[in-house]
Amino acid sequence: MSFRKRGIVVPQSGGPMTGIANTSTNPTTISTSKAPPLGTRPSPLDGRLTISTGTKSLDSLLAGHSGLPLGTSVLISESGTTDFAGTLLKYYAAEGVVQGHTVHVLGVGESWGRELPGLGEGKDGEGKGKVREEEKMKIAWRYERLGEFGAGSRGSNVPQSTASKEVAFVFCHDFDLSKRLILPSPSNMHFVPLSTQSDFSFNDSDLSVSPFMKFVQHLTIQLSSASPTTIHRVVLPSLLSPAIYPAHASNSNHILQFLHALRALLRKYPTQLTTLITIPLTLYPRSAGLTRWIELLSDGVLELVPFPSSSVAAKAPSAASTVHEEPPQGMLRVHRLPIFHEKGGGGGEASGFGDDLAFTLSRRKGMVIKPFSLPPVEGDMEAQHIGLESEDGKKATKVDIEF
């Protein structure tokens, strides 16, 4: 009875005898050779690739995927005259520029891209300390010092390279609203005008021509010609706003056909494309049928309800003095989140459906979304003292409180 070592190619009849391990059929080499695209990571629920929206609290809200899954779209509606939804769009676009993704913006010029927030400084000292700690841990775990006297030994080089690669990846960056992001010279941002723009003739525009036709053609060409590992981000700021779009853009034949075409591209390229859309609810309320159709054609629907400026100013001293936090600037309503299967949330605790969510926008922290809680009432000391008194009118002791 003969025995052979594992991984040794069995000699064929008439072929030369080789003792090289068969690495072509080794599953480990196949799985590790294909790395995910830059700026993506697998979902903890089902392993599908996700990207960051540029806002950490919004990433944690998206149905437990810890990011925006590829091949999906999110609609953010906002009431009032504020532009918190536009700030979320700028974080989303800035994150794409930093990660090297291709960003497509509809209806606005290059001036919008020059207003993207710049990278925040962060705590560099803590970051360097963490990197060194992790390298030391890996070195100790791999017994790095065993190869100290051997020049070019394998043990002294592998842990350092693997540690530096793992630590260098940042899924969501910190941005500072007081700074501006410097776009690279061969920029990956494409500003696509509407089909009715850049017409200097005095002729009346043809109302039968869709203003979104040029943008759909641009996306189709870019997606078909780009590499399969290139990530594309679509940004649609202030959809149907009269400041950007013509009056006939709100025609259901134009806007619904455009959203159907965009949804078809998301399903055709499920590993390359994501979309973030904002719409003003003051002009197009949720009670309108057109707004309902736009929500149905989006995978996720969020609504921002800012507080009036007077109420925020009134709540600021009491909340900041007791909790040492900035007062909330509005409420966030979650109408629908991308749900893929029974594991992907939508109704769980982390999804935000059961809680009242509030948001706060600051210069360094960006937009922070967290459960809304009222601050403790100040000045009502009389009611607190009455509750701590016993039946005889004396101050209650520990024996009286316990039961």
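Note that the numbering runs from 1 along the sequence shown for the chain. Worth knowing before you read on, the calculation uses all heavy atoms, side chains too, and leaves out hydrogens, waters and symmetry mates.
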Of all heavy-atom pairs between V108 and P237, which one has the smallest distance, and what is that distance? CG1-CG, 4.0 Å

Which pairs count as ring-ring contact (aromatic ring centres under 6.0 Å, His included) when at least one residue sits in residues 254-275, sequence neighbours excluded? F212-F258, H248-H254

Enumerate the residue pairs fulfilling salt bridge (charged side-chain N to carboxylate O under 4.0 Å, His left out) with a member in residues 243-270, sequence neighbours excluded, ordered by first and then second residue. R263-D299, R267-D299

Would you give the length of the straight line joining atom CD of Q329 to atom CG of L361, rounded to the nearest 0.5 angstrom? 5.5 Å

Roughly how far, to the nearest 0.5 Å, is CG of L266 from CG of L70? 10.0 Å

Which heavy atom of T291 sits nearest to which heavy atom of P285, and what is that distance? OG1-O, 3.0 Å

Indicate whether any N or O donor in one side chain lies under 3.5 Å from an N or O acceptor in the other, for D59 and T53. yes

Working for side-chain contact (heavy atoms from CB on, under 4.5 Å), residues R233 and L276: CA-CA 8 Å; R233 297 179 180 229; L276 204 61; over 6 Å; no

Could you verify whether a donor N or O on one side chain and an acceptor N or O on the other, from H101 and H232, lie under 3.5 Å apart? no

Could you walk me through whether V334 and V301 pass side-chain contact (heavy atoms from CB on, under 4.5 Å), step by step? CA-CA 7 Å; V334 181; V301 180; over 6 Å; no

Flag the pair S79 / P306 as yes when at least one side-chain heavy-atom distance between them is below 4.5 Å, and no otherwise. yes

For I294, is there any backbone N or O sitting under 3.5 Å from a side-chain donor or acceptor partner on S298? yes

Which atom of F307 lies closest to which atom of P328, heavy atoms considered: CD1-O, 3.5 Å

Checking E110 side chain against H190 main chain: does a donor-acceptor pair fall under 3.5 Å? no

Can you confirm whether Y91 sits close enough to L58 that some side-chain heavy atom of one is under 4.5 Å from a side-chain heavy atom of the other? no

T40 versus T50: any side-chain heavy-atom pair under 4.5 Å? no

To the nearest 0.5 Å, what is the distance between CD (E326) and OG (S362)? 5.0 Å

Which of L265, V235, L262 passes side-chain contact (heavy atoms from CB on, under 4.5 Å) with T275? Answer is L262

Are any side-chain N or O atoms of T360 and backbone N or O atoms of I369, one a donor and one an acceptor, separated by less than 3.5 Å? no

Evaluate side-chain contact (heavy atoms from CB on, under 4.5 Å) for L177 paired with T87, printing each intermediate quantity in order. CA-CA 9 Å; L177 287 175; T87 306; 4.2 Å; yes

Looking only at side-chain N and O atoms, does H104 offer a donor or acceptor that is under 3.5 Å from a partner on Q222? no

Crowded around L119 CG? As in, over 12 foreign heavy atoms under 6.0 Å? yes

S225 side-chain N/O to I221 backbone N/O, donor-acceptor pair under 3.5 Å: yes

Are L183 and M189 side-chain neighbours, meaning at least one heavy-atom pair lies under 4.5 Å? yes

Begin with the C-alpha distance, continue with both residues' side-chain angles, and end with the deciding distance and a verdict on side-chain hydrogen bond (donor to acceptor under 3.5 Å, both in side chains) for Y92 and T274. CA-CA 11 Å; Y92 172 74; T274 57; 2.7 Å; yes

CG of L297 to CZ of R292, rounded to nearest 0.5 Å, is 13.5 Å

I'd like to check H65 versus P338 (side-chain heavy atoms, cut-off strictly below 4.5 Å). Are they in contact? no

Going by atom types only, do Y245 and S238 share a side-chain donor-acceptor pair under 3.5 Å? no

Does this structure show an ion pair linking D176 with R363, if we count only N-O contacts that are shorter than 4.0 Å? yes

Would you check if W112 and K90 make a side-chain contact, meaning some heavy-atom pair closer than 4.5 Å? yes

Ion pair check, E295 and R336, cut-off under 4.0 Å: no

Nearest-0.5 Å distance, CG of residue N251 to OG of residue S208: 10.5 Å

Using 0.5 Å steps for rounding, measure from the OG atom of S77 to the CG atom of L239. 11.5 Å

Determine the sole option in K365, R364, K56 for which the side chain to side chain donor-acceptor pair (under 3.5 Å) test with D174 is passed. K56

In terms of side-chain heavy atoms, does T82 have a donor or acceptor partner in E78 at a distance below 3.5 Å? yes

Please indicate whether R180 has more than 12 foreign heavy atoms, meaning atoms of other residues, nucleotides or ligands, lying under 6.0 Å from its CZ. yes

So which heavy atom on L281 is nearest to which on R286, and how close? CD2-CG, 3.7 Å

Begin from the C-alpha positions of L302 and L332 and carry the test side-chain contact (heavy atoms from CB on, under 4.5 Å) through to its verdict. CA-CA 7 Å; L302 307 176; L332 175 68; 4.2 Å; yes

Are the side chains of I277 and V74 in contact, using a 4.5 Å heavy-atom criterion? no

Taking all atoms of both residues into account, what is the closest heavy-atom pair of I279 and Y284, and its distance? CD1-CB, 4.2 Å

Smallest heavy-atom separation, A249 atom then P211 atom, equals CB-CG, 3.8 Å

Is there a donor-acceptor contact under 3.5 Å from the side chain of E95 to the main chain of H173? yes

If you define the side chain from C-beta out and look only at heavy atoms, does anything of S66 sit under 4.5 Å from R41? yes

